[in-house]
Amino acid sequence: MSEIDAKLLKPYEPGKTEEKVYRLWEESGFFNPDVCEEKGVTDKKAGHFSMVLPPPNVTGRLHMGHVLEHALQDTIVRFERMRGKRTLWLPGTDHAAIATQARFEKDLQKAEKKSRHDFSREDFFKMVSDFGLQNQKDMLSQMRLLGASLDWSRLAFTLDEKRELAVRTAFKKMYDEGLIYRGYRIVNWDPKGQTTISDDETVYEERKDKFYTLKYGPFEIGTARPETKFGDKYVVMHPDDKRYKKWKNGDKLTVEWINGPIEATVIKDPMIDMEFGTGVMTITPWHSHEDFALAEKYGLDKEQIIDKYGKLLPVAGEFAGMKIAEAREKIVEKLKNKGLLVSVDENYSHRVATAERTGGLIEPQIMEQWFINVTKPIPSRGNKTLKDLMYEPVKSGKIKVMPERFEKEYYHWIENLRDWCISRQIIYGHRIPVWYKGEKTRCEIDDVNEEGWTQDPDTLDTWFSSGLWTFSTLGWPEETADLKAYHPTSLINPGYEILFFWVARMIMMSQYLLGEIPFKTVYMHGIVRDSKGQKFSKSAKNGVEPEEVIKQYGTDALRMSMIVGVGPGSDLSFDIQKVKAYGKFANKMWNASRFVLEQTEGIDSENLPKMDEEDEKADEELAGLLKEITKDMEEYKLYLASEKLYEYFWHVFADVLIERSKKKIQEDKNADSARALILSHLTSLLKALHPFMPFVTEEIWSLIPGSVKGGGLPSAKLLMVEKWPI
RNA sequence: GCGCGCUUAGCUCAGUUGGUUAGAGCGUCCCGUUUACACCGGGAAGGUCCAGGGUUCGAAUCCUUGAGCGCGCACCA
């Protein structure tokens, strides 16, 4: 044992171990369930466990949030693999369309003072794509650093060839069935990013603005946006409002307005809140979702006031061509001079929509865009709507959501859901598979290369391709063996902030395209914050690089710090002290193992000595604990299982049982019993701890003589494919 | 406005279906170089479990009211 001693005599050094151990795992091929079966590690009749990695955006590098996600998932996957299930954890990355292009454009502007308009579409696409793929490469090596036992042979990318096929197949099916349509509707236009975004990509910000009350003929109306009011020719009030009893729906009157007289029409609609302001408002259907809805309801005229760049159009008269901010004060000045300004409330606080990625102020516009209809009955799905298809599996319990409280948010979201705008005016992404020639339109899976046909210039919302992820990664639309074996997947583990973006869309797409759920359980995790509870962000410069922490304390320690005591859905504050503590734990395991191995040299595990009464009792106690832990793991309560293992290893095994064994061995009283106990404890605990702290446990395992590990399969010398100890 | 979550030791948080003196890590104090480990061991201090009311033999845990903080959603011009 002299060679082993030399290594064991020093404290545990994760830096010298982890890379080497990962290479061993990877070379073994056991990340791939096919290899596990070939080599007899997994029984042919074994049950399946499958999960896709939520594909990180190729916008940069992995951060602490990804570490949390990888730690949780790898722990679960290693557990299931050790239990003998046919286990697939499928890796991939997300092209993330707007996010990646926006990041790239920002860098490009900074470095070269150039924009997308300085390049051809093809060249620009290539540049963003190269940027994304370089990031992807970095991220994949970071995943290895985290010990992720992902099956690299099945690596996928949302914008690779196979996924392109899936996207186009899905698009065409939805198009042919009338679920995808093109039309003029009001959308969220981001003037800064020069693209539309979906409702979910808007972020509301509380802001203080001036609120103006204006004279509109015999009425007084309120607005925070006088610059949109030029064309307002409908004045709306509640049908029950006694103050305006003398006005009837459809009444016409001429009012003096910003640029002269205007013919106004009275509309009576219960959407008006009588309590707010004067109970009267004018509407701007082109630039407000609510006004648009009203205009649709009564078939009213709609007129564009502001262009795509946030500048006023000719309808604004003398203000035409001005930017919104510049025009507002001037318009108010004019109103004042005309005696139309009644009052100004300087302290009006309201919420304005901004674009999640660019921060731009959203300007609603009516534009021709592509949408997914969420309320149309689908004949091929029993006349259910996409809303129904999203709602039902969760409501019925076919899909379990953890923690449960997110179910309510989910239902609520579905209830308020409008048609999903899926077209984007950016270059990086899946181009819409529709071609035009004059008045003719074709949707095709393969490129149309015929004379005169041109493809729609827009690209798809990135979440369209992510929505297909659970099955596009398994080969769909082809009927592959993987698809049959691993879909529906067992589990999905996203952050709760993408419940609507991603989880809902996956359920929708899978239910519609495959007629089955995408996963059985959704385990949502929280956000990793800094030690003060603030969100990590570039601007706050409070980021902590995972690599730095790993270099200092090891991956095992970092992983444990993110798992112990962190329940599903709860945020956690990153705490370097906690990492340090689990680094010490790794060392503790290392040292305890040294002692056990020294004391049990030459013992044959096939013929373990008989244990005395108290040792046998300890042995049973551990068996009981392992049973409990197994149950916790099955319920994905890793935060409990990990804490119990930590507690037991340190404060029972090391503090009590090893200390007791010293005495027995020293006094040579039941010494063999003691040896048997500490050896079997060590091997069981290493196995149970392996999913959580894979590196140190694997390294220790490699130092245990083969005779102790027992017969087993010659290929199964690695702890990662040992049998779970129960 | 509707809905949800959190509030437990100085700090960060556990506490699974209500059950004996409420736990962990870090921090603080005292002691200890016992041959696995000073990245250690032994011990100690430290909590009205946000507040009030209720259910119960028994509540941090269930119900109710309130406060503070946070989050999701919503058409208040």
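Within every chain, numbering begins at 1; the chains are lettered A, B, ... in the order of the sequence lines, protein sequences first and strands thereafter.
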Can you name the atoms? Protein N/O to nucleotides 69-71 of chain B N/O, anything below 3.5 Å, with the distance.
none

Could you run down the sub-3.5 Å N/O contacts of the protein with nucleotides 33-37 of chain B?
{"residue": "B:rU35", "atom": "O4", "partner": "A:Q666", "partner atom": "NE2", "Å": "3.4"}
{"residue": "B:rA36", "atom": "OP1", "partner": "A:K662", "partner atom": "NZ", "Å": "3.3"}
{"residue": "B:rA36", "atom": "O2'", "partner": "A:R594", "partner atom": "NH1", "Å": "2.5"}
{"residue": "B:rA36", "atom": "N7", "partner": "A:K662", "partner atom": "NZ", "Å": "3.1"}
{"residue": "B:rA36", "atom": "N6", "partner": "A:A654", "partner atom": "O", "Å": "3.3"}
{"residue": "B:rA36", "atom": "N6", "partner": "A:E659", "partner atom": "OE2", "Å": "3.1"}
{"residue": "B:rA36", "atom": "N3", "partner": "A:N591", "partner atom": "O", "Å": "3.2"}
{"residue": "B:rA36", "atom": "N3", "partner": "A:A592", "partner atom": "N", "Å": "3.1"}
{"residue": "B:rC37", "atom": "O4'", "partner": "A:N591", "partner atom": "ND2", "Å": "3.4"}
{"residue": "B:rC37", "atom": "O2'", "partner": "A:N591", "partner atom": "ND2", "Å": "2.9"}
{"residue": "B:rC37", "atom": "O2", "partner": "A:K588", "partner atom": "NZ", "Å": "2.9"}
{"residue": "B:rC37", "atom": "N3", "partner": "A:K588", "partner atom": "NZ", "Å": "3.0"}

Can you give me the N/O atom pairs linking the protein to nucleotides 74-77 of chain B at distances under 3.5 Å, or say none if there are none?
{"residue": "B:rA74", "atom": "N7", "partner": "A:R351", "partner atom": "NH2", "Å": "3.3"}
{"residue": "B:rA74", "atom": "N6", "partner": "A:R351", "partner atom": "NE", "Å": "3.2"}
{"residue": "B:rC75", "atom": "O4'", "partner": "A:E290", "partner atom": "OE2", "Å": "3.3"}
{"residue": "B:rC76", "atom": "O2", "partner": "A:D273", "partner atom": "OD2", "Å": "2.4"}
{"residue": "B:rC76", "atom": "N3", "partner": "A:D273", "partner atom": "OD2", "Å": "3.0"}
{"residue": "B:rA77", "atom": "OP1", "partner": "A:Y348", "partner atom": "OH", "Å": "3.1"}
{"residue": "B:rA77", "atom": "OP2", "partner": "A:Y348", "partner atom": "OH", "Å": "2.1"}
{"residue": "B:rA77", "atom": "O5'", "partner": "A:Y348", "partner atom": "OH", "Å": "3.0"}
{"residue": "B:rA77", "atom": "O2'", "partner": "A:G222", "partner atom": "O", "Å": "3.2"}
{"residue": "B:rA77", "atom": "N6", "partner": "A:D273", "partner atom": "O", "Å": "2.9"}
{"residue": "B:rA77", "atom": "N6", "partner": "A:F276", "partner atom": "O", "Å": "3.0"}
{"residue": "B:rA77", "atom": "N1", "partner": "A:D273", "partner atom": "N", "Å": "3.4"}

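Spacing between B:rC57 and B:rU16 at atom C1', rounded to whole Å, works out to 24 Å. On the P atoms, B:rG27 is 16 Å away from B:rU12, given to the nearest whole Å. Taking atom C1' on both nucleotides, B:rG72 is separated from B:rC62 by 26 Å, rounded to a whole Å. A gap of 12 Å separates the C1' atoms of B:rC50 and B:rA60, to the nearest Å. When the P atom is used for both B:rG52 and B:rU61, the distance is 12 Å, rounded to whole Å. Nucleotides B:rU48 and B:rC31, compared at atom C1', are 33 Å apart to the nearest Å. B:rC6 and B:rG15 are spaced 10 Å apart, taking the P atom of each and rounding to whole Å. Spacing between B:rG23 and B:rG47 at atom C1', rounded to whole Å, works out to 11 Å.
For the side chain to side chain contact (heavy atoms under 4.5 Å, CB included) test with A:S561, the passing option among A:V549, A:V579, A:V566 is A:V579; the others fail.
For the pair A:E227 and A:R225, the salt-bridge criterion is met [side-chain N within less than 4.0 Å of a carboxylate O].
No close placement of the A:W420 and A:F371 rings is indicated, their centers lying 6.0 Å or farther apart. In summary, the aromatic rings of A:W247 and A:F219 are positioned with their centroids under 6.0 Å apart. Between A:Y646 and A:Y582, the gap from one ring centroid to the other is short of 6.0 Å.
Taking A:K588 as the reference, nothing meets the salt bridge (Lys or Arg N to Asp or Glu O under 4.0 Å) condition, with sequence neighbours excluded. A:E18 is linked by a side chain to side chain donor-acceptor pair (under 3.5 Å) to A:T555, counting only residues two or more places apart in sequence or in another chain. In this view, A:H681 and A:Y648 satisfy the side chain to side chain donor-acceptor pair (under 3.5 Å) rule, not counting sequence neighbours. When the side chain to side chain donor-acceptor pair (under 3.5 Å) test is applied to A:Y298, the partners found at least two apart in sequence or on another chain are A:D269. Residues passing the ring-ring contact (aromatic ring centres under 6.0 Å, His included) test with A:Y348, sequence neighbours excluded: A:F211, A:H350. Applying the side chain to side chain donor-acceptor pair (under 3.5 Å) test to A:K687 and every residue at least two apart in sequence or in another chain returns nothing.
Projected onto RNA chain B by closest heavy-atom contact, A:S573 and A:W650 fall at different nucleotides, the more 5' of which corresponds to A:S573.
Atom CE of A:M560 is separated from atom C1' of B:rC39 by 15 Å (rounded to the nearest Å). One can place CG of A:D571 at 10 Å from P of B:rA14, the figure rounded to the nearest angstrom. Taking atom CE of A:M589 as the reference point, atom C1' of B:rC39 lies 14 Å away to the nearest angstrom. Atoms CD (A:E404) and P (B:rG5) sit 11 Å apart, rounded to a whole Å. As a whole-Å value, the separation of A:I576 CD1 from B:rU12 P is 17 Å.
The residue A:S288 sits apart from the nucleic acid: no heavy atom pair falls under 4.0 Å.
Put simply, CE on A:M402 and CE on A:M524 are 10.0 Å apart, with the number rounded to the nearest 0.5 Å.
Applying the salt bridge (Lys or Arg N to Asp or Glu O under 4.0 Å) test to residues at least two apart or on different chains, none of the pairs has a partner in residues 272-285 of chain A.
For B:rC4, one of the phosphate oxygens OP1 or OP2 lies less than 4.0 angstrom from a side-chain nitrogen or oxygen of A:K408.
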TODO: Could you walk me through whether A:E635 and A:K631 pass salt bridge (Lys or Arg N to Asp or Glu O under 4.0 Å), step by step?
DONE: CA-CA 6 Å; A:E635 293 167 0; A:K631 191 165 167 272; 3.6 Å; yes

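Figure legend: cation-pi geometry between A:K395 and A:Y411, with NZ or CZ positioned under 6.0 Å from the six-membered ring centre and within 45° of its axis.
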Open item on the list: Using a 4.0 Å heavy-atom cut-off to protein, can you give one letter per nucleotide of nucleotides 15-32 of chain B, 5' to 3': B if the base is in contact, S if only the sugar-phosphate is, - if neither?
Closed with: SB--------SS------

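Scanning all heavy atoms of the two residues, the minimum distance from A:D209 to A:R328 falls at OD1-NH1, 4.3 Å. Of all heavy-atom pairs spanning A:L558 and A:P546, the tightest one is CD2-O, 4.3 Å.
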- [ ] Give the dot-bracket string for RNA chain B, reading 5' to 3', where a pair is Watson-Crick or G-U wobble with both distances under 3.5 Å, ( ) marks pairs inside the strand, [ ] marks pairs crossing earlier ones, | marks a partner on another strand, and . marks unpaired.
- [x] (((((((..((((.....[...)))).(((((.......))))).....(((((..]....))))))))))))....

